[in-house]
Amino acid sequence: MTTKGHVYVIDDDAAMRDSLNFLLDSAGFGVTLFDNAQSFIDTLPGLAFGCVVSDVRMPGLDGIELLKRVKAQNSPFPILIMTGHGDVPLAVEAMKLGAVDFLEKPFEDDRLITMIEAAIRQAEPVAKSEAISQEIAARVASLSPRERQVMEGLIAGLSNKLIAREYDISPRTIEVYRANVMTKMQANSLSELVRMAMRAGMLHD
């Protein structure tokens, strides 16, 4: 069982992949290796949260293109870029595109491990929060049009009676819809429903 989290290594150099695999595995990380950026992008939606360590210069998709693709998917995965000697302009470009940090090869093992730990620690709360927001959005999407109207009425502070009047249906029917909304949204109280609506961006001033 890995305690420190997942690391995804992307490098077209087999020797580099092996040495990073050994180093990170010994340090207690769960390591997955990729020999190209495209195969990482293809599997990204199904991957558990973790830190990406990628070379910047690779055939096909390079590290810069990788950063653009990951950013386009709104992925919360922190990315560390490894650069060759004298690749500072590329490293700066990578940072602008959202890389957490960069390391010049050859680097000290301890420095890489410290950077990965820091990157995971900083990004994890965002990743968890992102997952919760997606889950709430999925619950909202599962509501029928009428249930959604009732939910909007509830979070606007309207009583069952007022919602019923607005849509010209009986208050009793509203109660049924309200119960459905609470069940589908997995909300135990109105305040929880309001918090979820805020998370889903449904509450506008």
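Keep in mind that what you see is a predicted model, and the values were worked out from it rather than measured. Computation of the quantities below employed the complete heavy-atom set of this structure, encompassing side-chain atoms and omitting hydrogens, waters and symmetry-equivalent molecules. We're numbering straight along the sequence, starting at 1.
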Chemist: Can you find a side-chain donor-acceptor pair between Arg199 and Ser129 that sits under 3.5 Å?
Modeler: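 The criterion, which ignores hydrogens and geometry beyond distance, is satisfied for Ser129 and Arg199.
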Chemist: What pair of heavy atoms forms the shortest contact from Gly63 to Met58, and how long is it?
Modeler: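 Of all heavy-atom pairs spanning Gly63 and Met58, the closest is N-CE, 3.9 Å.
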Chemist: Can you measure from CD (Glu175) to CD1 (Ile163) and round to the nearest 0.5 angstrom?
Modeler: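 Reported to 0.5 Å precision, the distance equals 11.0 Å.
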Chemist: On the 0 to 90° scale, with breaks at 30° and 60°, tag the Phe40-Phe34 ring pair as parallel, tilted or perpendicular.
Modeler: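 It falls in the perpendicular class, over 60°.
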Chemist: Spell out, yes or no, whether Val52 and Leu47 are grouped together once hydrophobic residues are joined by side-chain heavy atoms under 4.5 Å, including indirect joins.
Modeler: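 Same cluster: Val52 reaches Leu47 through Ile, Leu, Val, Met, Phe, Trp or Tyr contacts under 4.5 Å.
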Chemist: As an exercise, state the distance from CG of Leu97 to CD1 of Ile79, rounded to the nearest 0.5 Å.
Modeler: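 One gets 9.5 Å once the value is rounded to the nearest 0.5 Å.
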Chemist: Test your reading of the model: is there a side-chain donor-acceptor pair from Lys184 to the backbone of Ser142, 3.5 Å cut-off?
Modeler: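 Between the backbone of Ser142 and the side chain of Lys184 there is a qualifying donor-acceptor contact (under 3.5 Å).
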Chemist: Does Lys4 reach the side chain of Ile116, with side-chain heavy atoms less than 4.5 Å apart?
Modeler: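 SC-SC contact between Lys4 and Ile116 ruled out.
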Chemist: Give a yes or no on whether the backbone of Leu61 and the side-chain of Glu65 come within a donor-acceptor separation of less than 3.5 Å.
Modeler: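 No, Glu65 side chain to Leu61 backbone: no donor-acceptor pair under 3.5 Å.
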Chemist: Given Asp55, which partner from the list Asp62, Asp12, Val9 fulfils the side-chain contact (heavy atoms from CB on, under 4.5 Å) test?
Modeler: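 Option passing the side-chain contact (heavy atoms from CB on, under 4.5 Å) with Asp55: Asp12.
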Chemist: Assess whether a salt bridge exists between Asp13 and Lys105, defined as any Lys/Arg side-chain N lying under 4.0 Å from an Asp/Glu carboxylate O.
Modeler: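 Looking at Lys105 together with Asp13, the answer is no, because their closest N to O distance does not fall below 4.0 Å.
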Chemist: Taking the inter-plane angle between the rings of Phe77 and Phe49 on a 0 to 90° scale, is it parallel (under 30°), tilted (30 to 60°) or perpendicular (over 60°)?
Modeler: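 Phe77 and Phe49: perpendicular rings.
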Chemist: Specify the closest pair of heavy atoms between Met182 and Asn188, including all atoms of both residues, with the distance to one decimal.
Modeler: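 Where Met182 meets Asn188 most closely, the heavy atoms are CE-C, 4.3 Å.
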Chemist: Which pair of non-hydrogen atoms, one from Ala119 and one from Val100, has the smallest distance, and what is that distance?
Modeler: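 Distance-wise, the nearest heavy atoms are CB-CG1, 4.3 Å.
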